[in-house]
Amino acid sequence: MLRAVSRPMRDLARPRSLRLFSAVAGSEPAVKPEVIPTNDNDPELLKIRHSTAHVMAMAVQSLYPEAQVTIGPWIDNGFYYDFFMTNNTALQSEDFKKIKKQMDKIISKNLPITREEVSREEAKRRIKLINEPFKLEILESIKTEPITIYHIGEQNSEDTWWDLCAGPHVESTGALPKKAIELQSVAGAYWRGDEKREMLSRIYATAWHDPGQLKAYKKRIEEAKKRDHRVLGKKLDLFSIQEDAGGGLVFWHPKGSKIRSNIEDFWKDAHRRNGYDIVYTPHIANVDLWKTSGHFDFYKEGMFDQMDVEGQEYQIKPMNCPFHCVMYKDELRSYRDLPIRWGELGTVYRYERSGTLHGLMRVRGFTQDDAHIFCLPDQLTDEIVGVLDLTEEILSKFGFTDYDIMLSTRPEKSVGSDKIWDDATAALRGALERKNWDYGIDEGGGAFYGPKIDLKIRDAIGRTWQCSTVQCDFNLPDRFDLTYKSSEGTTERPIMVHRAIFGSIERFFGILVENCAGDFPLWLAPVQLKICPVTESVEDYCHEIKAKAAKAGIRVEVNRAGVDRLPKQVRNAEKGKIPIMAIVGVKEMDSGEVTIRRKGIGDIGSFSVDDFIANMLESIDSTKEYEYEGRMDPKKETPEEAP
Ligand SMILES: [Zn+2]
Ligand SMILES: [Zn+2]
């Protein structure tokens with residue numbers, strides 16, 4: 001397993017009231033996520049999914065002779081298969097039962113799954129024989145030989161089916177767990193994602209080792225639905241996507257903006273404390289920058305079109321890297337200047353097809369929490385350790401302390417010398433070892449320009465999300481001719497490191513909303529305190545408290561007196577996911593106190609106004625926020641586990 005769990009220290013001496021203030025308690029009990037395997041950490045599961053995709057295609061073609069096969073890759077939590085229906089129909093979810101029954105039949109027959117190598121010519125001949133035009137296109141895109149074919153069943157028997165495929169597969173259909181396979185949904189998808197090409201029927205399905213895993217997965221989907229950031233985003237008035245303005249562009253409403261600016265302030269502060277300088281760069285620039293960087297050649301379909309500015313072509317930026325490179329070049333650099341660490345919350349725009357857009361998770365404009373480090377080769381390990389430390393510091397502030405980590409090494413096609421690759425890979429490895437983090441290795445999975453570390457976070461319902469990345473780059477320093485003067489007076493190339501911790505603020509925000517189901521930790525909550533007047537006679541007193549709390553920096557609102565009775569005020573505040581309520585009646589006013597209610601916990605007692613504000617401020621600051629994703633049962637007096 002490649003899991004690294006960081007456990008923040010707990011201060012057990014903290015008074016009880018503070019713990020109650022800062023502990024987050026959603027209205028629902030925290031879900032203990034069942035850890036179910038992923039494609040990354042379970043190659044056997046991958047074989048099951050992939051083999052099941054073949055069985056599904058075989059079943060569909062035996063039931064619907066008009067179905068032509070295209071592609072059927074595995075995806076997170078399952079697989080899909082795209083079919084072209086030559087009679088202009090589309091597959092429906094009503095067909096699932098029939099298809100699954102046919103799949104079960106194929107599985108019960110325990111047909112062998114065998115691999116065959118053929119020449120390109122032979123593959124072409126066979127595809128023509130069965131009239132599968134999409135397969136021919138796939139064959140053309142396969143550049144290597146021999147071509148591998150996977151057969152289900154004995155060739156030339158009645159129960160036989162084959163597909164072009166690189167594998168891997170289980171040995172026979174009987175190895176597939178019928179009761180852990182489910183067809184989930186069907187959707188239209190264009191062949192090759194190209195709206196000018198044929199519309200296909202895409203069946204999404206899932207497959208697991210056993211029915212228990214399928215059940216846990218379905219429970220997770222249900223839980224995820226309740227937490228959908230698109231639904232909560234609207235309900236809590238955090239953000240919107242205005243179709244009139246164009247898809248994939250995010251509008252941050254005042255409440256969402258409060259959370260975002262808190263995240264950004266924290267991010268900037270943490271970076272400054274860790275030796276970064278924060279910079280700003282433009283949103284557009286001459287496209288030549290991306291020609292120099294190579295993005296224009298290799299990444300063009302992800303970029304918006306250029307615009308004419310006085311006869312020159314300007315580009316809205318798809319990434320920030322070239323900007324930091326030209327800033328580096330602005331001065332002659334000496335080895336004494338390095339490392340240089342520049343962080344930027346840089347908003348970039350990428351051309352995503354409308355069919356792929358999804359809430360905040362996939363958008364056309366997003367803000368990277370980007371940074372570039374320019375350093376000497378022998379500084380690299382320390383720099384990577386610094387990045388990993390900062391990553392841990394920042395992610396754990398949001399309750400993410402459980403990581404899957406992958407080190408990706410040199411791919412076949414790459415730039416840079418053997419020595420530079422070996423040294424940089426050793427530096428990344430050394431940094432992971434110094435952090436004492438477990439990690440997996442993706443041999444050959446690095447970018448062509450350098451090795452990298454990717455980090456996935458595990459959320460409260462057990463899903464993993466790719467967020468942080470640290471990538472060495474031996475390419476851009478060359479392309480931009482970045483140099484420094486060494487101690488010997490020679491001119492050398494610095495190593496460039498790209499890194500992001502959230503990845504994108506928008507996407508991270510979406511993950512955060514779903515992780516806490518809208519119950520933001522106290523320091524992030526857009527409204528931290530709601531003052532609820534019991535009667536009209538205390539309204540002025542409530543506003544005095546509000547002024548005091550607001551002056552102390554607490555985000556606070558007062559309900560209008562006499563509109564709703566207290567139980568309804570409390571209910572509304574809880575629905576609005578406001579963490580703390582101060583109840584004020586005549587009794588409280590006379591004694592100069594407030595009665596405090598913590599969402600999901602209930603009354604936690606009366607406090608003088610000054611005491612309460614001081615406690616609340618301390619709670620907001622306290623690192624107790626680490627516990628918010630349900631590591632501790634808030635109703636218990638003692639934490640579940642010792643620090
Ligand atoms: Zn296959
Ligand atoms: Zn970069």
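We count ligands from 1, going down the list as the structure has it; atoms in each ligand are counted the same way. Fair warning: this is a prediction, and the values are worked out from it, not measured in the lab.
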Exercise for the section: Measure from the Zn ion (ligand 2) to every N/O/S atom of His372 and report the name of the nearest one. Expected result: NE2
Exercise for the section: Please find the N/O/S atom of His498 nearest to the Zn ion (ligand 2) and write down its name. Expected result: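 Of all N, O or S atoms in His498, the Zn ion (ligand 2) lies closest to ND1.
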Problem - Under 3.5 Å side-chain donor-acceptor pair for His151 and Glu116 - result: yes
Exercise for the section: Could you tell me whether Lys100 and Glu182 have a side-chain N and a carboxylate O separated by less than 4.0 Å? Expected result: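 Glu182 and Lys100: not salt-bridged.
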Problem - Carboxylate-amine/guanidinium contact Glu122 Lys124, below 4.0 Å - result: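 No, no charged N to carboxylate O under 4.0 Å.
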Handout entry: Heteroatom N/O/S of His324 within less than 2.8 Å of the Zn ion (ligand 2)
Key =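 Coordinating: no.
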Problem - Face-on cation placement of Arg260 at Trp252 ring, 6.0 Å and 45° thresholds - result: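 The answer is yes, since Arg260 meets both limits relative to Trp252.
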Practice task
For the residue pair His324 and His372, categorise the inter-ring angle as parallel (less than 30°), tilted (30 to 60°) or perpendicular (more than 60°).
Solution key: perpendicular
Problem - Angular separation of NE2 (His169) and NE2 (His54) seen from the Zn ion (ligand 1), to 10° - result: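 An angle of 100° at the metal.
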Practice task
If you have a sec, read the angle at the Zn ion (ligand 1) from Cys165 atom SG over to His50 atom NE2, to 10 degrees.
Solution key: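 Seen from the Zn ion (ligand 1), SG and NE2 are separated by roughly 90°.
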